[in-house]
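First comes the structure, then the notes that go with it.
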There are 2 protein chains.
Amino acid sequence: MKRCVLCETPGGRLVFEAPKFRVIHADEAGFPAFYRVVWREHAAEFSDLDAADRALCMEAVATVEQCLRRHLAPTKINLAALGNMVAHLHWHVIARFDWDTRFPAPVWAEAQRGRDGAREADIALRLPAVEADIAAGLRALLG
Amino acid sequence: MKRCVLCETPGGRLVFEAPKFRVIHADEAGFPAFYRVVWREHAAEFSDLDAADRALCMEAVATVEQCLRRHLAPTKINLAALGNMVAHLHWHVIARFDWDTRFPAPVWAEAQRGRDGAREADIALRLPAVEADIAAGLRALLG
């Protein structure tokens, strides 16, 4: 069996851990509020989960999204489960800003402008509050 | 109020229409099995929907995904809700193949190889069966 990096490592800075999923902050240059909801068990595709687990997974995604919107008022939220490189179910939850290097293109497209270090630093300062809210929201979701 | 192309037009070839969402086939060069689940009401973000509608929306996405997997055995399914250009909730459900122009990069990245017209045509021939299955699956979902 091929080794899977998301089975063996957190895949980023751990923000919250639940029995069935974890939330990590991803260190992706130019995108200061880039989170991932990583399903704990190895599953390649969203539809490998049963309906109850799909609902739980997406309510976790929605919780992260709501916290990003509330604290950071991003231009847009981007959600994606691709997994072409690491086929272990993980949802990208990305706060996008009209000043980021790719907006309005996806984060995977070519850069359209340079980074805005001051604005990125401002977002970074607010992440502890975002993440406290994510943890509280996920605790409430899990009951 | 700004006019919204997904409020005013189907946004692609209509495959299935439900009271709260529709499924369209998107004509995206090089990606023959590229579908979208478009929420009917104008909503910018996934978390603008309530939990019941989020679950319905994602079960529709999962149904499309399952049909693509069953009929086409893609290398990977890619799911995404971005909306940076058209901020009306729509989920991309894309069958990816290891021979497509971008794999394993996202469809929005730069091309890595030329198109394989014969393989694309083979997929295109199978879409009527895929879409009949999508419609049947969604009718079952809606009960």
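Computed from heavy atoms alone, side chains included, the values below leave out hydrogens, waters and symmetry copies. Note on naming: letters A, B, ... go to the chains in the order of the sequence lines (proteins, then strands), and numbering restarts at 1 for each one. These figures come from a predicted structure and were not determined experimentally.
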**Request:** Give me the ring orientation class for A/Trp108 and B/Trp108: parallel if the planes are under 30° apart, tilted from 30 to 60°, perpendicular past 60°.
**Result:** parallel
**Prompt:** So what's closer than 4.5 Å to chain A heavy atoms on B/Phe46: side chain, backbone, both or neither?
**Reply:** both
**ILVMFWY cluster, B/Val15 and B/Leu89 together (side-chain gap under 4.5 Å)** = yes
**Asked** Are B/Met58 and A/Met58 close enough, and set up right, to give a side-chain contact (heavy atoms from CB on, under 4.5 Å), and what steps lead you there?
**Response** CA-CA 8 Å; B/Met58 296 314 294; A/Met58 295 315 295; 3.7 Å; yes
**Co-membership, hydrophobic cluster, residues A/Leu79 and A/Val37, 4.5 Å side-chain** = yes
**Message:** Any heavy-atom pair between the side chains of B/Glu65 and A/Asp48 that's under 4.5 Å?
**Reply:** no
**Message:** Assigning hydrophobic clusters by single linkage (Ile, Leu, Val, Met, Phe, Trp, Tyr; side-chain heavy-atom cutoff under 4.5 Å), is A/Leu142 placed with A/Tyr35?
**Reply:** yes
**Single-linkage hydrophobic cluster, 4.5 Å side-chain cutoff, B/Leu68 and B/Trp99 together** = yes
**Item:** A/Val5 reachable from A/Trp91 in the ILVMFWY side-chain graph, under 4.5 Å edges
**Value:** no
**Message:** Would you say that more than 12 heavy atoms from the other residues, nucleotides or ligands in this model lie under 6.0 Å from the CG of B/Asp27, or not?
**Reply:** no
**Item:** Most contacts with chain B, counted as non-hydrogen pairs under 4.5 angstrom, among A/Pro106, A/Ala105, A/Ala80, A/Ala109
**Value:** A/Pro106
**Winner by heavy-atom pair count (cut-off under 4.5 Å) against chain A, out of B/Ala55, B/Gly83, B/Ala87** = B/Gly83
**Complete:** Cut-off 4.5 Å, heavy atoms of chain A, and the answer for B/Asp98 is neither
**Request:** Would you name the heavy atoms of B/Ile77 and A/Glu45 that are closest together and state the gap between them?
**Result:** N-OE2, 2.9 Å
**Prompt:** Looking at A/Ser47 and B/Ala62, what are the two nearest heavy atoms and their distance?
**Reply:** CB-O, 4.3 Å
**Message:** Would you say CD of B/Glu41 has more than 12 non-hydrogen atoms from neighbouring residues, nucleotides or ligands within 6.0 angstrom?
**Reply:** no
**A/Arg69 atom CZ, neighbour heavy-atom count above 12 within 6.0 Å** = yes
**Message:** So for B/Glu110, is it side chain, backbone, both, or neither that comes closer than 4.5 Å to the heavy atoms of chain A?
**Reply:** side chain
**Message:** Please check: side-chain N/O of A/Lys76 versus main-chain N/O of B/Ala44, any donor-acceptor pairing under 3.5 Å?
**Reply:** yes
**Fill in**
Smallest heavy-atom separation, A/Asn78 atom then B/Leu82 atom, equals ND2-O, 3.3 Å
